[in-house]
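For reference, positions follow the sequence shown, starting with 1. Read the numbers this way: they start at 1 and go in the same order the structure lists the ligands and their atoms.
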Amino acid sequence: MLRVRDLVVGYGAIQAVRGIDLDIEQGEIVALIGSNGAGKTTVARAIAGLLSYSGEILFEDVRLKPNAAERNLRLGIALVPEGRGILGTMTVQENLLMGLYTRNDKAQAKLDLAVIHQRFPILAQRGHLLASLMSGGEQQLLAIGRALLSKPKLLLLDEPSLGLSPRMTDTVFAMIEDLRRDGLTVLLVEQKARQTLQIADRAYLLETGCVITTGPAKGLIDDPVVSETFLGSRTAAVHR
Ligand SMILES: Nc1ncnc2c1ncn2[C@@H]1O[C@H](COP(=O)(O)OP(=O)(O)OP(=O)(O)O)[C@@H](O)[C@H]1O
Ligand SMILES: [Mg+2]
């Protein structure tokens, strides 16, 4: 479904992503794990079309363009950004409705909104509340609900567990599995490696902008490279 080849992304003189290859097949949960500053968000934002980059990104055989987020959204790629991107001064319902912005099929969109309300009852119950008054976990559900309203084929989730309690993290991860069961394809960016590898099919471990390991997720759970990365015991020299 998605094919990334030799992706290079820089911020001025900083090269944040240094030539990575990544594939996502239809129906998969693919994990992109790595510690702070590894380049995970940069990869997700490049795929969403929010950045300039070089290299090639193909989505269902269509070549994506840099800085073309709206086109990518219409093609079926939705990003739930790191930090959720909720507008706190707007209501829950207003935030949710922003997800319908690319939709032309208004009647169907209304039905989809009802489905989201059913899936996330809290968003229906708190529709008139200012989004900033929702808990972190509730805001994450809102961000996911909003992304789903664009009817994505590929959902990019950037650290959905950030700042959530273990219990809320479990809820969000269970929901990601539900969404996949319903046919969605997911790129899951996370630092919670173990939990992420338990629900993912395949994973890429990113470090300083490079993929240093990839493979079936379950096989990476006890991989020393993965555990050392997250325990912080690897020295940078090892990779040079
Ligand atoms: N807007 C920016 N301007 C300059 N440098 C940036 C910018 N955004 C990210 N970087 C740098 O690019 C590198 C990769 O950052 P990125 O946010 O992609 O990492 P990450 O893996 O998502 O980290 P985290 O887990 O902390 O979210 C880091 O060195 C970071 O400092
Ligand atoms: Mg990040």
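Assignment of Gly39 to the shell around ligand 1 is supported, since a heavy atom sits closer than 4.0 Å. Heavy atoms of Gly209 come nearer than 4.0 angstrom to ligand 1 in no pair at all. Heavy-atom separations between Arg45 and ligand 1 are all 4.0 Å or longer.
Counting atoms of ligand 1 from 1 in the listed order, those under 4.0 Å from a heavy atom of Ser35 are 21 (O). Short contacts between ligand 1 and Gln191, defined as distances under 4.0 Å to a heavy atom of the residue, involve ligand atoms 25 (O). Applying the 4.0 Å criterion to heavy atoms of Ala16 picks out, from ligand 1, the atoms 12 (O), 13 (C), 14 (C). If you number the atoms of ligand 1 from 1 as listed, the ones under 4.0 Å from a heavy atom of Glu159 come out as 24 (P), 25 (O), 27 (O).
One side chain, Tyr11 or Thr42, offers a donor N or O that lies under 3.5 Å from an acceptor on the other.
Protein heavy atom at the shortest distance from atom 29 (O) of ligand 1 is Gly37 O, 4.0 Å. The single protein non-hydrogen atom nearest to atom 25 (O) of ligand 1 is Lys40 NZ, 2.7 Å, given as residue, atom name and distance. Summary of contacts: the protein heavy atom closest to atom 9 (C) of ligand 1 is Tyr11 CE1, 3.3 Å. If you check which protein heavy atom lies closest to atom 27 (O) of ligand 1, you get Glu82 OE1, 2.8 Å.
Between the CG atom of Leu22 and the CZ atom of Arg5 there is a distance of 8.5 Å, given to the nearest 0.5 Å. Distance CD/Glu94 to OG1/Thr91: 3.5 Å, rounded to 0.5 Å. Put simply, CD on Glu228 and CG on Leu205 are 11.0 Å apart, with the number rounded to the nearest 0.5 Å. Leu7 CG to Arg3 CZ: the interatomic distance, rounded to the nearest 0.5 Å, is 13.5 Å.
In this structure, Gln139 contributes its side chain and Met134 its backbone to a donor-acceptor pair below 3.5 Å. Between the side chain of Asn72 and the backbone N or O of Ile47 there is at least one donor-acceptor pair closer than 3.5 Å.
Smallest separation of non-hydrogen atoms from Val8 and Arg18: CG2-C, 4.3 Å.
Within a 4.0 Å radius of atom 31 (O) of ligand 1, the protein contributes no heavy atom. The nearest protein heavy atom to atom 13 (C) of ligand 1 is closer than 4.0 Å.
A salt bridge between Asp105 and Lys151 is absent, with no side-chain N of the basic residue lying under 4.0 Å from a carboxylate O of the acidic one.
Counting backbone and side-chain atoms alike, Asn36 contributes no N/O/S atom closer than 2.8 Å to the Mg ion (ligand 2).
Tested against Gln140 for a side-chain contact (heavy atoms from CB on, under 4.5 Å), the candidates Met175, Met168, Arg84 yield a single pass: Arg84.
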**Q.** Steps toward side chain to side chain contact (heavy atoms under 4.5 Å, CB included) verdict (Gln198, Phe173)
**A.** CA-CA 10 Å; Gln198 269 155 359; Phe173 274 50; over 6 Å; no
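In this comparison of Leu32, Thr42, Ile14, Asn36, the heavy atom closest to atom 18 (O) of ligand 1 sits on Thr42.
Summary: OE1 is the N/O/S atom of Glu82 found nearest to the Mg ion (ligand 2).
When non-hydrogen atoms are compared, ligand 1 lies under 4.0 Å from the backbone of Thr41 as well as from its side chain.
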